[in-house]
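Numbering of ligands and ligand atoms starts at 1, following listing order. None of the values given here were measured: they were computed from a predicted structure.
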Amino acid sequence: MNDAAWLPPEAWRAIGGRRIRVTGRGLLVDTVVDELRRACARFGGEVVRGPGGKPCDLDLGLGGDDALGPEGYELTAADEHTVLRAAHPHGLLHGMFHLVRLGDASSTGTFRPAVPRRMLDHWDNVDVHPVMGQVERGYAGGSLFWHNGAPRRDLPRVTAYARLLTACGINAVTLNNVNVHATEARLLTDRLGEVAELAGVFRRYGIRTHLSVSFAAPVLHGLDTADPADERVRHWWESTTVDVYATIPDFGGYLVKADSEGQPGPFTYGRSHADGANLLADALAPHGGVVHWRAFVYNHRQDWRDRGVDRARAAFDHFTPHDGAFRENVVLQVKHGPMDFQAREPAAPLIAAMPATRVGVEFQVTQEYTGQQRHVCYLAPMWSELLRGVHGPALAGFAAEFVAVANTGDDPFWTGHPLAQANLYAYGRLGWNPALEPAAVLDEWVTLTFPGAPARLRDALHAIMDDSWRTYERYTAPLGVGFMVRPGHHYGPDVDGYEYTRWGTYHHADRDGVGVDRTVATGTGCAGLYPPPWARIYESPDECPDELALFFHHLPYQHVLTGGGTVIQHIYDAHFAGAREAAEMRERWAEVAGLVPPEKYERVRELLDEQVRSAEEWRDQINTYFFRKSGVPDAKGRRIH
Ligand code: GCW
C-alpha cells in the first residue's frame with residue numbers, strides 16, 4: 001500500500017478525540033462524516049449527525065454566510081469549543097482538513113480560496129508510449145489510472161489519492177495526457193466508462209474530473225474534417241458532449257493542446273485559436289463545462305541560424321490579438337514562463353496581457369527540468385516569487401485560476417522522491433492562498449508527514465529543502481539562460497545539446513559572451529512585451545535582475561552584474577557553491593537516520609547520492625565549457641577540468 005504522505009492516521013489526533021456534531025446533508029457531508037468517524041474510532045472521539053442532542057466540542061454545519069462562496073468556511077474557536085460553518089458542503093470538507101492541518105490553535109477566521117479552480121493535470125497515457133512511457137515526463141513510476149492500455153481499477157488507491165489532493169486544496173483533475181494519442185482519444189467516447197469510474201471516486205472528495213481531448217477527435221471518429229466552421233463538426237462536439245454529461249453529470253470539461261508540438265488544431269483549417277476554443281466551449285456551455293485551452297503554441301521547427309524568431313514571444317504573439325474573443329467558459333492555460341518550465345524564467349508576458357480573457361496559470365509540479373524527482377528541489381519558493389512578483393509582474397494578480405502538471409504515479413511514495421511530496425502539497429496550498437510563505441507551508445507539510453517530528457528532523461528538513469530550488473539553479477544553467485540539458489529526456493547537463501536544434505532553446509555562447517538578446521533595441525523585442533515598469537527594467541542590462549540577465553541579454557563574460565561580480569566569475573562561483581550545497585544536503589540527511597521510517601530514509605539517501613553526483617557533473621561541464629569558450633580563469637584558482 002502507499003505511503004500515507006501528509007495524511008497519516010496520527011495527523012487526525014487533534015480532532016479524533018473530540019465530541020463532534022455534523023449537520024447537513026449530501027455526498028460531501030457524508031465524506032466529512034466518514035472521515036471523522038474513522039478518526040474518532042482511532043482516537044476515542046465521537047461523531048453525531050444532525051442538530052440537537054448531546055453537547056459537542058466541535059460543531060460542523062451549514063448555515064454560513066453566502067459570501068463564503070462554494071468552498072469557503074468560517075471557524076470560531078473559544079473555550080475548547082470549535083464551530084465550523086460553511087455555506088456549502090464543499091466548504092465543510094475544506095474546513096475539516098484545515099483543522100487536520102493546523103489544529104484549532106490558529107483557527108479563527110474566514111477562509112476562502114483565491115481562485116475558484118485549482119487543477120492538477122496528469123500526463124498519463126492509456127497505452128505505454130514508445131518514447132514517453134506510461135506517464136509523459138513522469139518520474140514516479142506508472143499511472144495511477146491505467147496500465148498497459150487497460151484501466152487499473154485500483155479504486156482504494158485512487159481514493160487515498162483524492163483525499164490527499166483535497167486535503168491540500170486541489171479541486172479539479174485532468175486524467176490524461178495533453179498529447180492525446182489514438183487510444184486516449186477514445187476516453188471521450190467508447191471508453192468513457194473508465195473516466196466515469198474515476199470521476200466517481202474524485203467526486204466524493206469534491207474534485208471534478210476533466211479530460212484532455214484531441215482537436216481532431218471528429219476525424220478520429222470518422223468525419224473527414226475537424227474544421228470548427230463545419231456544421232457536422234459542431235454537431236459532433238455537441239452530441240458527444242451530451243453523451244459525456246449523461247454519463248458524468250458533473251464533468252468538468254475539456255483540456256486542449258492544439259497546434260502545439262505536432263498536436264492537431266484549428267490552424268489546419270485556417271481558423272484561429274478563438275474559433276477552435278469556442279467550438280468546444282459552445283458544446284460544453286449548456287452543461288456548465290469549461291475548456292482549458294493551452295497557450296503553449298510555438299514553432300518547434302525553428303532554424304537556429306535565424307535570430308529573428310523567438311520562442312519566448314510566441315504565445316504572446318499568437319494569443320494577444322484574440323483577447324476578448326474567447327467565450328466565458330474558456331480558460332486560456334498559460335505556462336508560468338514564456339519558454340518551458342525552466343528552473344528560472346521571467347513570468348510569461350502573455351499572462352499580464354489578456355485583460356478580457358480568463359487566464360489559468362500553469363505550473364509544473366513534475367520535475368521535468370528541475371531534477372526529475374531524483375534531486376531535492378522544493379519548488380514553492382519559485383512559484384511564490386512568481387505569484388508575488390519579485391522579479392516581474394505578480395502572477396497572482398492576473399490568474400483566474402491555477403493549474404499544475406502532476407508529479408505522482410504508482411510509486412509507493414507517490415512521487416518517486418519522498419521529499420517531492422512537498423511540492424504537490426505546496427502547489428495545493430499556494431493555489432488556495434498565494435500569499436503563504438513557502439517555509440511555513442513546508443513546516444505544515446513536515447508536521448503532517450512526520451508526526452511528532454523532533455526539532456532535529458524539522459531543522460534538517462528545512463536546511464535541506466527551503467533553499468533547494470536555488471541550489472539546483474546554482475549548479476545548472478546560469479542567470480536565467482535555461483536548458484543546457486540532454487535533449488529528449490532532459491536530465492543532466494549538455495550545454496550545447498539544444499543549441500543547433502529546431503526547438504528554439506538557445507544560449508548563443510561564443511568566445512566573448514553568452515545569453516539571448518531579447519531587448520527591443522537590438523534583440524527580439526521580448527523585453528518590451530511586459531507591462532511597466534518591467535519592460536524598462538528588463539531592457540536595461542544594468543537594471544535587469546541578475547537572475548534573468550542572460551534570459552534578456554547577450555552579455556560579455558566580463559560584464560559586471562548588479563550583484564557586483566562578472567558574468568564568468570558568477571558562473572564559476574555559483575557552480576562551485578551549488579555542488580557544495582548538494583553535498584551538504586546529503587550530510588544533513590545522514591544526521592536524521594533513525595528519525596525517519598527506514599524505507600523512506602534509504603530512498604532519500606540513495607537519491608541524494610545521485611544528486612551529489614549529478615550536481616558535480618553539472619558543475620564540471622558548465623565550468624569547463626565556459627572556461628574553454630572564454631579563456632578566463634577562475635579568480636579563486638579552483639580546479640576547472
Ligand atoms: O515541456 C514540454 C515537455 C513535453 C510536454 C510539453 C507540453 C506534454 O517536454 O513532454 O508535452 O512540454 O507542456 O505540452
Exercise. Does Trp414 offer a backbone N or O that forms a donor-acceptor pair with the side chain of Thr408 under 3.5 Å?
Worked result: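 The answer is no, because no donor-acceptor pair under 3.5 Å joins these two groups.
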Problem set entry | Arg388 (side chain) donor-acceptor with Leu395 (main chain) under 3.5 angstrom |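 Such a contact is absent between Arg388 side chain and Leu395 backbone.
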Closest approach of any protein heavy atom to [atom], naming residue and atom:
| atom | value |
| --- | --- |
| atom 9 (O) of ligand 1 | Glu368 OE2, 2.6 Å |
| atom 6 (C) of ligand 1 | Glu261 OE1, 3.4 Å |
| atom 4 (C) of ligand 1 | Glu136 OE2, 3.4 Å |
| atom 12 (O) of ligand 1 | Lys335 NZ, 3.1 Å |

Heteroatom proximity flag, [X] to ligand 1, N/O under 3.5 Å:
| X | value |
| --- | --- |
| Trp123 | no |
| Tyr369 | no |
| Asn179 | yes |

For this session: Could you check whether the rings of His322 and Phe326 sit parallel, tilted or perpendicular, using 30° and 60° as the cut-offs?
Result: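 Perpendicular, since the angle between the ring planes exceeds 60°.
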For this session: Please work out which of the three classes, parallel, tilted or perpendicular, describes the rings of Trp293 and His273, given edges at 30° and 60°.
Result: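 Perpendicular: the ring planes of His273 and Trp293 meet at over 60°.
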Exercise. Any side-chain donor-acceptor pair under 3.5 Å between His375 and Thr370?
Worked result: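 On atom types as modelled, these side chains do not qualify, holding no pair under 3.5 Å.
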Exercise. Would you say the side-chain atoms of Asp124 and Ser143 include a donor-acceptor pair closer than 3.5 Å?
Worked result: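 Distance-only check passes for Asp124 and Ser143.
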Which ligand 1 atoms, with their elements, are less than 4.0 angstrom from a heavy-atom of [X]?
| X | answer |
| --- | --- |
| His490 | 9 (O) |
| Asp340 | 1 (O), 2 (C), 12 (O) |
| Phe296 | 6 (C), 7 (C), 12 (O), 13 (O), 14 (O) |
| Lys257 | 6 (C), 7 (C), 8 (C), 11 (O), 14 (O) |
| Arg137 | 3 (C), 4 (C), 9 (O), 10 (O) |

Measuring centre to centre across the rings, with the benzene-like ring taken for any Trp, is [X] within less than 6.0 Å of [Y]?
| X | Y | value |
| --- | --- | --- |
| Tyr498 | Tyr506 | no |
| Tyr475 | His575 | no |
| His210 | His292 | yes |

Exercise. At under 4.0 Å between heavy atoms, which part of Gln364 makes contact with ligand 1: side chain, backbone, both or neither?
Worked result: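 Neither; no heavy atom under 4.0 Å.
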Exercise. With backbone taken as N, CA, C and O and side chain as the heavy atoms from C-beta onward, which portion of Val405 lies under 4.0 Å from ligand 1: side chain, backbone, both, or neither?
Worked result: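 Looking at Val405 and ligand 1, no heavy atom falls under 4.0 Å.
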